[in-house]
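See below for the structure under consideration.
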Amino acid sequence: MVEVRDVVKRFGRVEALRGVSLYARPGEVIGILGPNASGKTTLLKLIMGFMRPDGGEVRVLGKDPFSHPGVRAHMGYVPEEVLLYDSLTVREFLYFLGRMRKMDPNEYVERARVLTTIFEMEDKLECLIGSLSRGDRQRLAIISALIHQPDVLVLDEPIMGLDPVAARVFKEIVHEVKGRGGAILLSTHVLDLAEALCDRIYLLHEGRVVAEGEIGAIMKALGEDKSLEEVFLELTEKDEVLVKLIKVLKEEL
Amino acid sequence: MRWGEAWRVIRVLNREAVYGAHRGSDPTLDELKLLKLVRWNRIVSLVENLVAVLLILLMICPPVLLAGPKSAPGVVRDTTMLYNMMLFMLVFMVGSTSTLSLQELGFLKVLFQLPLSLKDFKKIVMAYLIHEIMPVLFIPPIYALVVAEKLWYWPAFPLTLLYGYASITLGLAASTYLSIALWKRRGLVKGLRSKLTRAFWNGLYVITMFSIGILYQAYAYADELLALIREARPRAMALTKFIYPFSASEAVLPKASPALLASSLVAMAYSAIFLWVLNRALTSYTERASYALHEPILGGRLSEPRPWLPWPQLAIALKDLKVAVREPRTSYIMVLPLFSIVSFLPMVLTAPGPGELRTSLCLMYMTLLILGCLVSSLVPYQLMEHEGGRLWILFSCASRKQVALGKSLAPTLAYMAYALPVGMAVSLVLGEIYPLFYALSGSMVAFSISLLSSMIMVSTTSVDTKMIRISLLRSLALLALSAVMALPLMGPLLAVDLSSIHLTLASECGMALLTSGLEMALVLALNELVVR
């Protein structure tokens, strides 16, 4: 469903991605992990077709999403930084999305009803988005990505700001999308979430994939007694840095 | 916090604005380039400011400089009135937009985590406002010098200066209060009463944004009004020395020492009052508007959506119009052309015969249509400015060409909303159908111009673009391009005898329709082929 081959992306002199490849099959949840500035968000934006890669190619449902933006009709996206229209109400925003997605009114009203109920926002339909809490905005962003029942979900730090109940609901929804054959690409710093949800992970470091595969297999390769956090730190060469930092912390503070 | 520190904060905020404008759209943007852009931005803004100051000075100084010794006091009285009102209006307009930026862009929120007091925040807001109105601050000393030199009366200098800054202070206070009121009332979405309250405040804002045009009309009648008062109640005229803004124009004229002392005291009293009002406004703004969220209105249900829109472009337009009604500061340029009617109304109402009435009506109507077309190039920018940071919503649902088309529909619909009814009214008065043809032709031209402008804008933005700003150079280039594209409307007016304008318009309406239709088809094809 999603295929990324040797993708390179530069911003001026900075090379954000240096030949990254990945794929996601129907019914798979792919975790994209990595420290800050490792290229996760850039990779997701390339998959969404928001920008053109400087090298390599991206295919979503067999098409280049940059040249064929129509493919985004089958994709849902939650960005890392959620900014919404503050002067619209929740209902108006959801209807706007339904219209933008060329959905049948009965269908998007029904989807909005179900999703706002699931995410406990049914009593906030007349609220201005500007009056919502950060958690509510995040829920609304997730609802906006799901309203048209997409085949591919691209989620950048989706549970940021969510309370445990909403986070749990989110996990259930990921299982539901997976169950009906959708592909989910999930970038997160929450390793527990990746461990709980992802079938395979790609670990990015300085714009390169340093590890890929099933979490169990990666951990097995590096020593079964290690946690995902330890594996993450080792592969991203942060383990020694962390030891030094902890030493400085203990000595200086 | 010292003023120097507040100033440094403003420089950081400006840098943030420049970064936000280029982020995402310029892949080669790095720190060095950003610094260059900040410097370039500063130079451009300095040039823009100088041009603005020059234009204002050109409006108020020449009449004083050219006045003869006998007419000088009268001219100074009139221009000083205009000077004060213009300063107030300009500062009010710029201040309203600046206080909006501070609220909308969340600039202050970043500073909340710092241990800053309310007083510090007020200072930052004030520094931001001063930065935005900087060129206006140079006008009072220049004008005061011109007046003092012309009248050869030194007290005129401090008094003109004092009143000038008092007007600026009042303008800042009024814009800050209006921002608070608009912000508070934006939360009102349910119920007719709430909607009417919001409509009142928004209407007030829109009218005041264009009050400089209205002001010129009011100013033309000010002398007549004063003469009427003088005739009816001669004693009431003495009171004008104490009532702002009349007191400002009376204060600068030569007079005996006791009267001078009284004028000086009045000027100082007004300055102190306006400063106090501004201080209160800033306190209220900093305390509430920048922190406050609207009260969430619980409840509601998912009713049947009223209009079914088959195209996402229409959904964008509908959303833009909804936001525009709720927050007119995001798109007030859309209704700017309507205010041109104000300038023509006296001519239409006082037309001596049917021939003159026909001519003045044609002129008024065609000016409205042409002006509407010209500003259509700037409206998409204003609409897009509001999208800053939210472009992911549009780009994840629609293609760039759809976004470009969507962004050009709101200005076109707004254009049609006034062009067609005014066209119908003019048609009825003239007993001819051709004004309606020009309304259609104008709508097509307005659509072509705004689509072209949207195409350029959408091609130079990305999902990461935070702030969309239009530079003076680009806006001038767009206006020039719009003028060329508005030829189907302007053509019949060129090299025409004014008295036969209606005949020319009637004979050329078919050609205008045809050329504007071709123009529209060409721009639509361009959008289809070029925008990626």
With only heavy atoms counted, which part of [X] is less than 4.5 Å from chain B, the side chain, the backbone, both or neither?
X: A/Leu94; value: neither
X: A/Asn106; value: side chain
X: A/Ala73; value: neither
X: A/Thr116; value: side chain
X: A/Arg113; value: both
X: A/Met100; value: both

Which one wins on heavy-atom pair count under 4.5 Å against chain A: B/Glu387, B/Gln402, B/Arg400? B/Glu387
Could you check whether [X] pairs with [Y] (Lys NZ or Arg NE/NH1/NH2 to Asp/Glu carboxylate O, under 4.0 Å)?
X: A/Glu122; Y: A/Lys124; answer: no
X: A/Arg18; Y: A/Asp6; answer: no
X: A/Lys178; Y: A/Glu176; answer: no
X: B/Asp320; Y: B/Lys407; answer: yes

Hey, what do you get for CE (A/Met1) to CD1 (A/Ile30), rounding to the nearest 0.5 Å? 12.0 Å
Could you tell me whether a side-chain N or O of A/His148 sits under 3.5 Å from a main-chain N or O of A/Met75, the two making a donor and an acceptor? yes
Report which part of B/Leu391 has an atom under 4.5 Å of a heavy atom belonging to chain A: side chain, backbone, both, or neither. neither
Applying a strict 4.5 Å limit to non-hydrogen atoms, the region of B/Leu394 in contact with chain A is both
Checking an interface table here. Which of residues 149-159 of chain A come within a heavy-atom distance under 4.5 Å of chain B? none
Take the angle between the ring planes of A/Phe50 and A/Tyr77 and call it parallel below 30°, perpendicular above 60°, tilted in between. perpendicular
Take A/Glu92 and A/Tyr85, measure what side chain to side chain donor-acceptor pair (under 3.5 Å) needs, and give me the verdict at the end. CA-CA 10 Å; A/Glu92 285 168 344; A/Tyr85 299 114; over 6 Å; no
More than 12 foreign heavy atoms under 6.0 Å from NZ of A/Lys63: is that the case here? no
Hey, would you say the A/Phe119 and A/Phe170 ring centroids sit under 6.0 Å apart? no
